[in-house]
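Read through the structure below, which is laid out as structure tokens, and then see the notes.
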Amino acid sequence: MNRSSFRTRIAGSPYLVWAALFILVPLGMVAYYSFTDQSGRFTLDNMARISDYTGPFLLSIWLGLLATVICLIIAYPLAYLIANSGEKRQRTMMLLMMLPMWMNFLLRTYSWMTILGDNGLINTLVTAIGLDPLKLINTRGAVVLGMVYDFLPYMVLPIYTIMLKIDRSLVEAAQDLGAGRLNVVKNVIFPLSVPGIVSGVTMVFVPSVSTFYISQKLGGTGTLLIGDIIEQQFQLGETSLHVGASLSFVLMILIFVCLTVMNRFSDSDGSVLV
Amino acid sequence: MKKKSFAGTLYTVLILFFLYAPIAVMIVFSFNAGRSTSVMSGLSFKWYGELFRDRATINSLVNTVIVAVISSIVSTIMGTAAATALFRYKSNVLRKSVLTVTNIPMMNPDIVTGFALMLLFVFCGRALGIQKDLLGLPTLLIAHITFELPYVILNVLPKLRQTDPNLFEAAQDLGCPPLRAYFKVILPAIMPGILSGLMMAFTLSVDDFIISYFVSGPTSQTLPIQIYAMTKRDVTPDMYALSTIIFLVILVMLMLYNGISSQKSPKKVRQRHR
């Protein structure tokens, strides 16, 4: 038994070392760079510079929230419909939901430029019927649309998975006791699907808040998000890494706080995530 | 609930249209005779030929495959060993804290993970006096293995929980040494989890842009980074041709996978409904 537990320790040790070196130490690096200057001296200057970027921070959170809520509103009925359809149809629908996720998201986002552009497909159609062209691209709406488009499957999949796990007999019991369809959804299905909603919301909100590609392509210069700023600091080279680190640090804490608050609403242990 | 409502079908179709419209646009414009990705000027296959003449694209494709193959194999082996160890830890505190650390790369925004790893590499490079070509294939591999590991572990752990612990002990009682018993009894039982972890790691690696963007050098561009560089300038339809090919490959693969699993699974599904 002792030898076996020794072997267990050996089996786990490469990962423990790896996780320490490449998960924990890099986070320490973010903290270290946030609070030091070029020569390695302690400073609060980088943190103070954060206040210059309050606008992008607030805009990121606002657009991220908007995209998350829209995804939830669209995805919930869809997940319900899929979970309650026949076996063959479920399989097909899951395939159709997952297929876009496997395509390169840069190109999927880019092709919205073809659709929304000033001379794009929609505007070609609009002008063809004699209306003035619409301002679609380079707006906040376009950025939210891009986020919803890119991350919608991440909302559908966990909600669908949790709905499959709901015990049918509970639904039948509610119906036997005289609950209508709306009541069944409200009092049985919805409460039981909260863990799926929580992981869906997480999987949409986190990448939406921190995106930089979607805002670059669909938002133009008017929608500078926090991801854009961090990416800019990276491009500017080594002197800007300290400010970039402090921005990452704050972003990380912000998301951590959001997730903790959200997890309060559910008893999920995160096991629905995969 | 068996009744298929017209509204439900319409809703599903609308969402599918939303998900597939940009992909359809990509496919159509990949056959464009002109250079534009917004105005069609005749049909042609020339961009498909162009694609295979483009050295940079082919190189990045090769890099993508190299990184995906190596990183997914390494992370699967290390992750399976880690899951086995985690499963057998006697201390709850230790297991919980390792699992928490494991969750970090999944919860953290990719931009923070990428930025943090980049800071680590820059810091080490400075300490070791490496200035040129600091970021390259090795750093890319380290990063990919790091973000793939949690997914492997979370795919393998549930399978370990499902295996009957008596089997392992029975094998040992019959005189099989523990290590051999592990390979003969446990490993076959958790193989489905290992394989889905491997597949997930591979696809995540192929698809990753954000983390790779921060840790790759000029000599180690992967396909998503190459696509990003191209969308910074002007996308020519050869990128759309590439995604059309990728789309078809994935479609065929998923359909094959679906066909195989639908032949195997009816029994399992029936069990779940009982």
Side-chain angles (χ1 to χ4, degrees), chain A residues 4 7-9 11-12 14-16 18-19 22-27 29-30 33 74 77-78 81 84 87 91 95-96 98-100 102-104 106-108 110-112 114-115 117 119-121 152 168 206-207 209-210 212 217 227 230 234 238 241 244-245 248 251-252 255 259 270 273-274, chain B residues 1 8 11-12 15-16 19 21-23 25-26 29 37-38 78-79 81-82 84-86 88 101-112 115-117 119-120 122-123 142 146 149 151 154-155 178-179 203 207 209 214 224 227-228 231 235 239 243 246-247 250-251 254 258 262 269 273:
Chain A
S4 155
R7 281 216 176 93
T8 307
R9 223 163 271 170
Y15 173 68
L16 292 187
W18 189 281
F22 300 117
I23 297 177
L24 293 179
V25 174
L27 294 186
M29 282 292 155
V30 173
Y33 270 79
I74 298 177
L78 184 69
L81 284 170
N84 284 298
E87 216 177 281
R91 213 185 288 277
L95 194 145
L96 287 172
M98 270 148 80
L99 192 51
W102 295 45
M103 304 279 299
N104 185 284
L106 301 170
L107 286 170
R108 278 188 293 138
Y110 191 86
S111 77
W112 275 105
T114 306
I115 301 173
N119 300 310
L121 296 180
L152 182 65
R168 306 292 304 169
V206 173
V209 169
S210 57
F212 63 91
K217 286 297 144 194
I230 295 177
F234 170 63
E238 210 158 327
L241 291 185
S248 308
L251 178 65
M252 194 164 75
I255 284 176
L259 293 187
L273 237 161
V274 175
Chain B
M1 232 168 280
Y11 186 71
T12 312
I15 290 173
L16 287 179
L19 282 178
I23 295 173
V25 166
M26 254 175 350
F29 277 93
T37 51
S38 55
M78 209 193 311
T84 309
L86 262 174
R88 302 182 83 213
V101 173
T102 302
N103 272 324
I104 292 177
M106 294 199 309
M107 287 313 192
N108 241 346
D110 283 354
I111 194 170
V112 175
F115 202 89
L117 280 166
L119 286 180
L120 173 72
V122 168
F123 184 86
I142 289 174
T146 306
L149 270 167
Y151 293 93
L154 286 186
N155 269 298
L179 200 64
T203 50
D207 219 34
F209 160 65
F214 287 99
I227 292 171
Y228 179 72
T231 57
V235 173
M239 277 295 112
S243 34
I246 295 174
F247 179 79
I250 292 167
L251 185 68
L254 278 180
N258 218 26
S262 72
V269 173
H273 277 286

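By convention in this document, chain letters (A, B, ...) are assigned in the order of the sequence lines, proteins followed by strands, and residues within each chain are numbered from 1. Just so we're clear, the structure is a prediction, and the values are computed from it rather than from any experiment.
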Write down the atom of A/Leu106, the atom of B/Pro224, and the distance for their closest heavy-atom approach. CD1-O, 3.1 Å
When rounded to the nearest 0.5 angstrom, what distance separates CG in B/Leu251 from CG in A/Leu96? 8.5 Å
Tell me, do B/Met107 and A/Val206 make a side-chain contact under 4.5 Å, heavy atoms counted? no
Can you confirm whether A/Arg108 sits close enough to B/Pro22 that some side-chain heavy atom of one is under 4.5 Å from a side-chain heavy atom of the other? no
Please identify, among B/Thr231, B/Val112, B/Ile104, B/Val101, the residue contributing the most non-hydrogen atom pairs under 4.5 Å to chain A. B/Thr231
Any idea which heavy atoms bring A/Ala11 and B/Ala85 closest together, and the distance? C-CB, 4.4 Å
Is A/Leu24 in contact with chain B via its backbone, its side chain, both, or neither, using a 4.5 Å heavy-atom distance? side chain
Close side-chain approach of A/Trp102 and B/Leu254, heavy atoms under 4.5 Å: yes
If I measure from the heavy atoms of chain A, does B/Thr203 come under 4.5 Å with its side chain, its backbone, both, or neither? side chain
Point-to-point distance, once rounded to the nearest 0.5 Å, from OH of A/Tyr15 to OG1 of B/Thr102: 2.5 Å
State, with a plain yes or no, whether a side-chain heavy atom of B/Ile23 is found less than 4.5 Å away from one of A/Pro100. yes
Among A/Leu107, A/Leu152, A/Val30, which has the most heavy-atom pairs under 4.5 Å with chain B? A/Leu107
Less than 4.5 Å to any heavy atom of chain A: does that hold for the side chain of B/Leu16, its backbone, both, or neither? side chain
When every non-hydrogen atom of B/Phe115 is compared with those of A/Ala245, the smallest separation belongs to CE2-N, 3.4 Å
Going from CD1 on B/Ile227 to OH on A/Tyr110, what distance comes out if it is rounded to the nearest 0.5 angstrom? 12.0 Å
Does a side-chain heavy-atom distance below 4.5 Å link A/Leu99 with B/Phe247? yes
Within this structure, what is the CG-CE distance for the pair B/Leu19 and A/Met103, rounded to the nearest 0.5 Å? 12.0 Å
Between A/Phe212 and B/Phe209, how do the two ring planes meet: parallel, tilted or perpendicular, split at 30° and 60°? tilted
Bottom line for B/Tyr228: the part with an atom under 4.5 Å from chain A's heavy atoms is both
Bottom line for B/Leu117: the part with an atom under 4.5 Å from chain A's heavy atoms is both
Going from CZ on B/Phe214 to OG on A/Ser248, what distance comes out if it is rounded to the nearest 0.5 angstrom? 7.5 Å
Of the options A/Ile23, A/Leu27, A/Leu251, A/Ile255, which is the one that meets B/Asn108 in a side-chain contact (heavy atoms from CB on, under 4.5 Å)? A/Leu27
Mind ranking A/Val25, A/Leu121, A/Asn104 by heavy-atom pairs under 4.5 Å with chain B and telling me who comes out on top? A/Asn104
Side chain, backbone, both or neither: which part of B/Leu119 has a heavy atom under 4.5 Å from chain A? both
Contact check, side chains of B/Val25 and A/Trp112, non-hydrogen atoms, under 4.5 Å: no
Distance in Å, A/Leu241 CG paired with B/Phe123 CZ, rounded so as to fall on 0.5 Å steps: 13.0 Å
